[in-house]
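The next block holds one structure in the form of structure tokens; read it before the comments.
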Amino acid sequence: MSYYRIDLVFRLIVAACRMNFVLNVGRRLLSKMRQCSRLRLLYGLCFLLLFIFICTPRRVAGGAGAYPSMHWARGRNTPWTGFQGKCHLPPSPKLKPVNHVDDSLDLGSRTDVKTCTTWGAPIMWDGMFDPDVYDKHHIKMGASVALTVFAIGRYLETYLMDFLSSADRHFMVGLPVTYYVFTDAPENVTGVNLKAGRTLETIMVKRHKRWQDISMMRMETIADAIQTRIRHRHRYVFCMDVDQVFVGRFGSEALGDSVALLHSSFYNTPQETYTYDRQPNSTAYMETGDFYYHAAVFGGTWQSVRNLTESCLRGIMTDKRNGVEALWHDESHLNKYFWLHKPSKVLSPEYCWNFLNGPSREIHVKRLLWAEKHYDILRS
Ligand code: GAL
């Protein structure tokens, strides 16, 4: 029986159980009401609310795909199937590229969230993967990872130590990792105790006056560092903001050719809310897209990250020449890049959660948390 048939049968059984449950509850309430007239109104109200709750279809988290009418891929070779909350791909072959460790993913294990994109990239949620399978695979392949982070001005004293010490506990544990710290004050990067297999390099960078330029010009700095150092030593690169703290496993399951992160503020909101750049004269301009990605975390092989950073830099420099600045700076350019060059892996917001979002049913594990932002002090 095909994946979709099993799904349909399962849904029919669930619907029948729900209907049976509603009827039973209704019967019981009716008999109670007959016994006590004062409770009639209250029971009636409760029954109505219960009925509405059970019958209302819940929205599925995971980006624009949860809103089929807006999805870019409608009408293309992978049409929307209507199976919201599950991966639309047949079980085998599940993903591209095939014969990859990502084939071990259980795309059907999470029914509350989208677990793959229309172009066949997995969206990584807790419960879909076996961490040991990933770790063993990447250790066997001799993978090593560069983690780039910018600690400029007061960002260094405010965030860097927590970022690094938590990365040591949770980021790619078991693999060799080098932290590349870009800073305007290398002499202040002191007292970091790293675990075995971890090294740190500080790289002096020029401090731009505007925080927007600090953020945008990191694309140039990362591209340079990949060209001059990283590509000779590491297969994978992750680029992260420093104002974050690791609180759970951020492991080798996150490695991939080209890796994007779902922004935790938009992963379950309609596409109209996405803060793409909407200025037609900016190279980052987007009318529509797939998801809203967060520039606080992106990665991939050094080749992919080099392509991404160089492309974003070209867009930023063209915009500067044309006197325009994209709404969310490098993040707007990153969104445009991933719209044109689809990522091969998408990380769920578990991989960068904003505690201000409050609790969420879909987030079973938090791996990286936004630290408290102090923009008033740090960006002045
Ligand atoms: C904010 C975040 C910004 C940017 C923006 C996009 O929550 O702090 O860095 O990602 O969302 O709308």
Side-chain angles (χ1 to χ4, degrees), residues 61-64 66-67 70 123 148-155 158-160 162-163 182 208 210-219 221-222 238-247 259-279 282-299 308-309 312-313 315-316 319 324-339 343 346-360 362-363 366-380:
Y67 298 85
M70 289 174 237
I123 306 177
T148 72
V149 68
F150 285 70
I152 312 274
R154 275 173 277 184
Y155 274 76
T158 314
Y159 299 115
L160 185 64
D162 286 345
F163 177 85
F182 300 96
H208 295 273
R210 297 169 64 242
W211 66 264
Q212 294 90 337
D213 285 326
I214 294 177
S215 185
M216 286 192 288
M217 297 316 286
R218 72 182 170 137
M219 292 297 182
T221 312
I222 294 169
F238 260 98
C239 308
M240 296 198 187
D241 284 354
V242 70
D243 48 356
Q244 331 192 63
V245 179
F246 292 88
V247 290
V259 183
L261 164 79
L262 295 183
H263 195 301
S264 68
S265 306
F266 304 100
Y267 76 104
N268 59 358
T269 65
Q271 185 163 142
E272 286 91 343
T273 63
Y274 296 178
T275 50
Y276 295 142
D277 184 80
R278 311 280 184 186
Q279 308 166 85
S282 166
T283 55
Y285 170 77
M286 288 173 73
E287 208 174 309
T288 183
D290 302 310
F291 301 100
Y292 190 79
Y293 300 115
H294 196 181
V297 174
F298 59 92
L308 180 156
T309 48
C312 289
L313 179 66
I316 290 165
D319 281 4
V324 58
E325 191 164 273
L327 178 67
W328 281 103
H329 320 105
D330 47 320
E331 183 167 278
S332 303
H333 292 274
L334 177 117
N335 270 279
K336 180 69 175 277
Y337 182 86
F338 279 136
W339 164 237
V346 176
L347 303 180
S348 72
E350 291 165 10
Y351 288 82
C352 186
W353 184 247
N354 180 0
F355 59 95
L356 293 177
N357 289 348
S360 157
E362 297 98 22
I363 306 293
K366 294 175 189 90
R367 305 173 186 281
L368 179 68
L369 284 182
W370 296 25
E372 217 174 311
K373 315 273 175 184
H374 303 285
Y375 291 144
D376 46 337
I377 312 163
L378 295 169
R379 288 183 171 174
S380 56

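Counting from 1, the numbers follow the sequence of the chain as shown. Just so you know, ligand 1 is whichever comes first in the structure, and atom 1 is the first atom listed for that ligand.
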What protein heavy atom is closest to [atom], reported as residue, atom name and distance in Å?
atom: atom 3 (C) of ligand 1; answer: Trp328 CZ3, 3.5 Å
atom: atom 12 (O) of ligand 1; answer: Thr275 OG1, 2.7 Å
atom: atom 1 (C) of ligand 1; answer: His263 NE2, 3.9 Å
atom: atom 7 (O) of ligand 1; answer: Trp370 CH2, 3.5 Å
atom: atom 10 (O) of ligand 1; answer: Glu331 OE2, 2.7 Å

For the aromatic rings, using the six-membered ring if either is Trp, is the centroid distance between Phe163 and Phe246 under 6.0 Å?
yes
Less than 6.0 angstrom separating the ring centers of Trp328 and His294, yes or no?
no
List the atom of Thr283, the atom of Gly315, and the distance in Å for their closest heavy-atom pair.
OG1-O, 3.1 Å
What's the shortest heavy-atom distance between Ser348 and Leu261, and which atoms?
O-CD1, 3.6 Å
Of Gln271, Glu331, His263, which is the lone residue that meets side-chain hydrogen bond (donor to acceptor under 3.5 Å, both in side chains) with Tyr292?
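Among Gln271, Glu331, His263, the one that satisfies the side-chain hydrogen bond (donor to acceptor under 3.5 Å, both in side chains) with Tyr292 is Glu331.
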Between Asp319 and Ser282, does any side-chain donor sit less than 3.5 Å from a side-chain acceptor?
yes
Tell me if a side-chain donor or acceptor on Asp243 pairs with a main-chain N or O of Lys373 at a distance below 3.5 Å.
no
Pull out every atom of ligand 1 sitting under 4.0 Å from any heavy atom of [X], numbered as shown with elements.
X: Tyr292; answer: 6 (C)
X: His294; answer: 10 (O)
X: Phe266; answer: 12 (O)

Classify the contact between Lys373 and ligand 1 as side chain, backbone, both or neither, using a heavy-atom distance cut-off of under 4.0 Å.
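Neither; no heavy atom under 4.0 Å.
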